J.: 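Below: one structure in structure tokens.
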Amino acid sequence: IEETYRPPDFLRDGNPIYPQRASKVKEILKMKHFQTGDFKGKMITIFAAHDVAVWPPVLFNYLDLVKKRKGHLLDDYYRFYLVENATHGPPMSVEESFRTVSFSPMIGRALDYLIEWVERNIAPPPSTKAELSSENSLIMPHTAAERRGIQPIITKITADGQTGVAKVPLCKPVKFNGIAEAPVGNIIKYEWYCQDLRDFYHEVRLKEPKVKVNTPYTYTFQQPGKYFAVLRVTSDLGGNPNILGGGQRNLARIRVIVKS
């Protein structure tokens with residue numbers, strides 16, 4: 001294993017708290033590989049931040065190797081972009097599409113960037129800024145200016161001004177809102193959705209796309225219960241509000257408790 005390899009804490013020396021797998025499986029989990037980080041030309045890596053099969057240390061292990069090879073010339077050869085709320089594959093249903101986002105649009109955009117970088121020497125946007133905690137959890141800044149990359153970010157989501165878990169009245173209008181930012185391009189569309197309520201859906205294609213937008217929506221709950229309201233935003237480099245599948249997406253949820 002490379003000297004720069006960062007294993008998860010639960011695989012390090014010491015007495016384990018939890019039952020351990022057989023040693024052969026443990027070696028597999030250590031993700032032995034023979035990558036060098038040495039390549040010619042230019043490269044862009046796309047990484048799903050919530051991938052259940054490829055953990056965040058995999059990205060950072062490779063990034064360490066590339067840094068070791070390229071040194072201060074890293075930005076002349078390499079970019080990596082994280083896709084928040086993306087898993088190992090694209091959403092397979094409408095319901096899943098409001099719990100996770102697809103990384104496919106970012107792959108398409110990255111290919112465009114790579115062609116411009118190689119053929120016209122136009123550098124792509126800076127890599128996503130992220131780091132690992134002491135327990136190898138992925139930590140990303142909460143604003144577009146700090147996180148960078150190319151995916152839009154929802155910095156705040158509220159229901160009647162409340163964050164996290166909102167307690168709202170029954171049969172009275174509830175004001176939802178979110179703040180979304182784009183590190184590149186503009187926000188072109190936002191949608192509100194709740195899987196348990198068919199009439200809870202609101203889509204707005206912005207006539208004047210902007211870097212930072214508010215996303216207001218008002219809904220009246222007719223039944224008490226616990227709900228998850230989802231805000232999904234889409235950005236586009238060219239600011240085209242009619243783009244169909246190529247925009248960069250992200251989402252956020254807020255838990256809503258409706259009392260009778």
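Just so you know, these numbers come straight off a predicted model, no measurement behind them.
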J.: Which Ile, Leu, Val, Met, Phe, Trp or Tyr residues join I122 in one cluster when any pair of side-chain heavy atoms under 4.5 Å counts as a link?
T.: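 Its cluster partners, ordered by chain and number, are none at all.
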
J.: Taking all non-hydrogen atoms of both residues, which atom of S97 and which atom of L251 are closest, and how far apart?
T.: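 Shortest heavy-atom separation between S97 and L251 comes out as O-CD2, 3.9 Å.
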
J.: Show me the pairs that pass ring-ring contact (aromatic ring centres under 6.0 Å, His included) and involve residues 109-142, at least two apart or across chains.
T.: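 Non-adjacent pairs meeting ring-ring contact (aromatic ring centres under 6.0 Å, His included): zero.
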
J.: Using 0.5 Å steps for rounding, measure from the CG atom of D112 to the CD atom of E116.
T.: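 Result: 7.0 Å between the selected atoms.
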
J.: Quick one: side chains of residues 217-225, donor-acceptor pairs under 3.5 Å with protein atoms, not counting sequence neighbours, listed by atom name and distance.
T.:
| from | atom 1 | to | atom 2 | distance (Å) |
| --- | --- | --- | --- | --- |
| Y219 | OH | D199 | OD1 | 2.8 |
| Y219 | OH | D199 | OD2 | 3.3 |

J.: Do Y81 and M106 have side-chain heavy atoms sitting under 4.5 Å apart?
T.: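 Yes - at least one pair of side-chain heavy atoms lies under 4.5 Å apart.
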
J.: Which heavy-atom pair separates I150 from P125 by the least distance, and what is that distance?
T.: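 Minimum heavy-atom contact is CG2-CG, 3.8 Å.
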
J.: In chain order, what residues pass the side-chain hydrogen bond (donor to acceptor under 3.5 Å, both in side chains) check against E131, with sequence neighbours excluded?
T.: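 Per chain and number, E131 pairs via side-chain hydrogen bond (donor to acceptor under 3.5 Å, both in side chains) with no residue.
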
J.: Partners of F228 by side-chain contact (heavy atoms from CB on, under 4.5 Å), sequence neighbours excluded?
T.: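 R253, R255.
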
J.: Give a yes or no on whether the backbone of G247 and the side-chain of T234 come within a donor-acceptor separation of less than 3.5 Å.
T.: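 Checked: no pair found.
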
J.: Can you sort out the partners of T87 under side-chain hydrogen bond (donor to acceptor under 3.5 Å, both in side chains), two or more places apart, ordered by chain and number?
T.: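 For T87, no residue satisfies side-chain hydrogen bond (donor to acceptor under 3.5 Å, both in side chains) once neighbours in sequence are set aside.
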
J.: Quick check on F200: does its CZ atom have over 12 non-hydrogen neighbours (other residues, nucleotides or ligands) under 6.0 Å away?
T.: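 Yes, because the 6.0 Å sphere around CZ of F200 holds more than 12 heavy atoms from other groups.
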
J.: I'd like to know if the side chain of R79 and the backbone of K42 have a donor-acceptor N/O pair within less than 3.5 Å.
T.: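 Side chain of R79 to backbone of K42, a donor-acceptor pair under 3.5 Å: no, none is there.
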
J.: Applying salt bridge (Lys or Arg N to Asp or Glu O under 4.0 Å) as the test, list every pair that has at least one member in residues 215-231; sequence neighbours left out.
T.: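 Listed once each, the pairs would be none.
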
J.: Give every donor-acceptor pair under 3.5 Å between a side-chain atom in residues 47-54 and any protein atom, sequence neighbours left out.
T.:
| from | atom 1 | to | atom 2 | distance (Å) |
| --- | --- | --- | --- | --- |
| H50 | ND1 | N85 | N | 3.0 |
| D51 | OD1 | A53 | N | 2.8 |
| D51 | OD1 | V54 | N | 3.0 |
| D51 | OD1 | H88 | ND1 | 2.9 |
| D51 | OD2 | H88 | ND1 | 2.9 |

J.: Taking the side chain as C-beta and beyond, is there a heavy-atom pair between L138 and F60 under 4.5 Å?
T.: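 A side-chain contact under 4.5 Å exists here.
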
J.: Quick one: list whatever passes side-chain hydrogen bond (donor to acceptor under 3.5 Å, both in side chains) with Y201, sequence neighbours left out.
T.: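 Applying side-chain hydrogen bond (donor to acceptor under 3.5 Å, both in side chains) to Y201 gives E191, E203.
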
J.: Would you give the length of the straight line joining atom OG of S102 to atom CD1 of I107, rounded to the nearest 0.5 angstrom?
T.: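 Rounded to the nearest 0.5 Å, the OG-CD1 separation comes out at 7.5 Å.
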
J.: Rounded to the nearest 0.5 Å, what separates atom CG in L206 from atom CD1 in I187?
T.: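 One finds 8.0 Å between CG of L206 and CD1 of I187.
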
J.: Who else is in the cluster with V211 when I, L, V, M, F, W and Y are joined by side-chain contacts under 4.5 Å?
T.: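 None, because no other hydrophobic side chain comes under 4.5 Å of this residue.
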
J.: Check whether V83 and I139 end up in the same hydrophobic cluster, where Ile, Leu, Val, Met, Phe, Trp and Tyr are linked by side-chain heavy atoms less than 4.5 Å apart.
T.: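 No: no chain of side-chain contacts under 4.5 Å links V83 to I139.
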
J.: Would you say S137's side chain and S133's backbone share a donor-acceptor pair under 3.5 angstrom?
T.: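 No, because the side chain of S137 does not come within donor-acceptor range (under 3.5 Å) of the backbone of S133.
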
J.: Give, for atom CZ of R109 and atom OG of S235, the distance between the pair rounded to the nearest 0.5 Å.
T.: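 Between atom CZ of R109 and atom OG of S235 there are 9.0 Å.
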
J.: Would you give the length of the straight line joining atom NZ of K68 to atom CG of L63, rounded to the nearest 0.5 angstrom?
T.: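 One gets 13.5 Å once the value is rounded to the nearest 0.5 Å.
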
J.: Considering only heavy atoms from C-beta outward, does the side chain of L82 approach that of L59 to under 4.5 Å?
T.: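 The answer is yes; the side chains approach within 4.5 Å.
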
J.: Could you tell me if the side chain of K189 sits less than 4.5 Å from the side chain of V204, heavy atoms only?
T.: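 Not touching, per the 4.5 Å side-chain cut-off.
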
J.: Restricting to side-chain hydrogen bond (donor to acceptor under 3.5 Å, both in side chains), what partner residues turn up for R147, sequence neighbours left out?
T.: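 side-chain hydrogen bond (donor to acceptor under 3.5 Å, both in side chains) list for R147, sorted by chain: E84.
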
J.: Are side-chain N/O atoms of S127 and Y78 paired as donor and acceptor at under 3.5 Å?
T.: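 Looking only at side-chain atoms, Y78 and S127 do not form any donor-acceptor pair under 3.5 Å.
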
J.: For E95, does the CD atom have more than 12 heavy-atom neighbours from other residues, nucleotides or ligands under 6.0 Å away?
T.: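 Yes.
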
J.: I want to check something: taking the side chain as every heavy atom from C-beta on, are F98 and R232 in contact at a cut-off of under 4.5 Å?
T.: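 The answer is yes, as the side chains (C-beta and beyond) meet within the 4.5 Å cut-off.
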
J.: With heavy-atom distances below 4.5 Å as the criterion, would you say the side chains of L197 and Y227 are in contact?
T.: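 Yes. Closest side-chain heavy atoms under 4.5 Å.
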
J.: Working to the nearest 0.5 angstrom, can you tell me the gap between I153 CD1 and T128 OG1?
T.: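 So the gap between those two atoms works out to 8.5 Å.
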
J.: State whether the side chain of Q151 and the backbone N or O of Q248 hold a donor-acceptor pair below 3.5 Å, judged by distance alone.
T.: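 No, because the side chain of Q151 does not come within donor-acceptor range (under 3.5 Å) of the backbone of Q248.
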
J.: Mind listing the closest non-hydrogen atom pair of P56 and L132 along with its distance?
T.: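 Of all heavy-atom pairs spanning P56 and L132, the closest is CB-CD2, 3.7 Å.
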
J.: Would one find more than 12 heavy atoms of other residues, nucleotides or ligands at under 6.0 Å from atom NZ of K70?
T.: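 Enclosed: over 12 neighbouring heavy atoms sit under 6.0 Å from NZ of K70.
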
J.: Mind checking whether L74 and F39 sit in one hydrophobic cluster, side chains of I, L, V, M, F, W, Y counted as touching below 4.5 Å?
T.: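 L74 and F39: one cluster.
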
J.: Identify each donor-acceptor pair in which a side-chain atom of residues 156-184 lies under 3.5 Å from a protein atom, sequence neighbours left out, and give them as a table.
T.:
| from | atom 1 | to | atom 2 | distance (Å) |
| --- | --- | --- | --- | --- |
| T158 | OG1 | N177 | O | 3.4 |
| D160 | OD1 | K175 | N | 2.9 |
| Q162 | OE1 | K167 | N | 3.0 |
| Q162 | NE2 | K167 | O | 3.0 |
| N177 | OD1 | T215 | N | 2.9 |
| N177 | ND2 | N214 | OD1 | 3.2 |
| E181 | OE1 | A144 | N | 3.0 |

J.: Determine the minimum heavy-atom distance between P209 and N186, stating which atoms define it.
T.: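 Closest heavy-atom pair between P209 and N186: CB-CB, 3.7 Å.
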
